[in-house]
Amino acid sequence: MIEEWVRIARIDELPDGEVRVFELEGEGIALCNAGGEVFAIEDICTHDDGPLGEGHLEGHCIECPRHGARFDIRTGAAVRMPAVAPVGTYPVKTENGEVFVQARRERGR
């Protein structure tokens, strides 16, 4: 697997407590700012492919707007039904006000 850091946003584009969707290698990535720490997850609910980036962020959990499944943005773990499978996560770093996500080729669920 080849990994590289890709600049995806500026930190000022992502206010505390907010979620924004960006594209990384043709896939939607939901960036979540929880208390000033940024996390990146797939923008697809594992229950029914709903848009997680449109969901509500509360602490370290995001709720899918379709059926209320919840995921821990730190680990991707499903923490409330109807989802049982985790969502994919990506390593994130911030440098000089820029947010970088580690892109991974040959990903699998």
Side-chain angles (χ1 to χ4, degrees):
M1 175 169 46
I2 300 170
E3 299 176 347
E4 63 181 275
W5 290 99
V6 177
R7 182 207 171 274
I8 198 164
R10 290 198 45 81
I11 193 67
D12 58 11
E13 295 177 77
L14 189 63
D16 188 13
E18 297 290 322
V19 180
R20 298 282 189 272
V21 176
F22 297 89
E23 190 171 301
L24 177 67
E25 296 185 342
E27 295 182 24
I29 302 296
L31 290 185
C32 310
N33 185 338
E37 191 172 2
V38 179
F39 300 89
I41 60 172
E42 290 179 309
D43 183 34
I44 298 175
C45 177
T46 58
H47 167 244
D48 76 347
D49 295 335
L52 283 180
E54 295 177 15
H56 174 72
L57 183 64
E58 186 174 314
H60 288 105
C61 287
I62 190 166
E63 182 175 67
C64 180
R66 287 195 183 166
H67 299 109
R70 290 179 67 124
F71 300 89
D72 186 317
I73 61 172
R74 297 168 294 190
T75 65
V79 295
R80 186 167 78 189
M81 300 284 283
V84 293
V87 68
T89 61
Y90 297 82
V92 175
K93 69 179 179 179
T94 56
E95 292 179 351
N96 301 318
E98 305 283 341
V99 179
F100 295 86
V101 174
Q102 194 171 66
R104 295 173 241 154
R105 297 180 193 151
E106 298 183 17
R107 269 183 298 202
R109 236 193 223 185

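Because the structure is predicted, anything quoted here is derived from the model rather than measured.
Of all heavy-atom pairs between Leu52 and Asp43, the closest is N-OD1, 3.2 Å. Between Gly50 and Cys64 the shortest heavy-atom distance is CA-SG, 4.2 Å. Of all the heavy atoms in Ala78 and Ala83, the pair that sits closest is CB-O, 3.6 Å. Annotation for Ala30 and Gly53: closest pair CB-CA, 4.1 Å, computed over non-hydrogen atoms. For Gly59 against Ala34, the heavy-atom pair with the smallest separation is O-CB, 3.4 Å.
Every residue two or more places apart in sequence or in another chain was checked for a salt bridge (Lys or Arg N to Asp or Glu O under 4.0 Å) with Asp16, and none qualifies. Annotation: side chain to side chain donor-acceptor pair (under 3.5 Å) contacts of Arg66 (sequence neighbours excluded): none. Partners of Asp72 according to the side chain to side chain donor-acceptor pair (under 3.5 Å) rule, which considers only residues two or more places apart in sequence or in another chain, are Arg74. Annotation: ring-ring contact (aromatic ring centres under 6.0 Å, His included) contacts of His67 (sequence neighbours excluded): His47. For the salt bridge (Lys or Arg N to Asp or Glu O under 4.0 Å) test, residues two or more places apart in sequence or in another chain that qualify with Glu98 are Arg7, Arg10. By the salt bridge (Lys or Arg N to Asp or Glu O under 4.0 Å) test, Glu95 pairs with Lys93, sequence neighbours left out.
Pairs engaging residues 9-45 under the ring pair (Phe, Tyr, Trp, His ring centres under 6.0 Å) rule: Phe39-His60 [sequence neighbours left out]. Among residue pairs with one or both ends in residues 76-86, those qualifying as side-chain hydrogen bond (donor to acceptor under 3.5 Å, both in side chains) are Glu63-Arg80; sequence neighbours excluded.
Between Tyr90 and the options Val6, Leu24, Ile41, Ile8, a side-chain contact (heavy atoms from CB on, under 4.5 Å) holds for only Leu24. Just one of Thr46, Thr89, Val79 meets the side-chain contact (heavy atoms from CB on, under 4.5 Å) condition when paired with Phe71; it is Thr46.
Under the 4.5 angstrom side-chain criterion for Ile, Leu, Val, Met, Phe, Trp and Tyr, the cluster partners of Trp5 are Phe100. The hydrophobic cluster around Met81 extends to Val84, counting ILVMFWY residues whose side-chain heavy atoms fall within less than 4.5 Å of a member.
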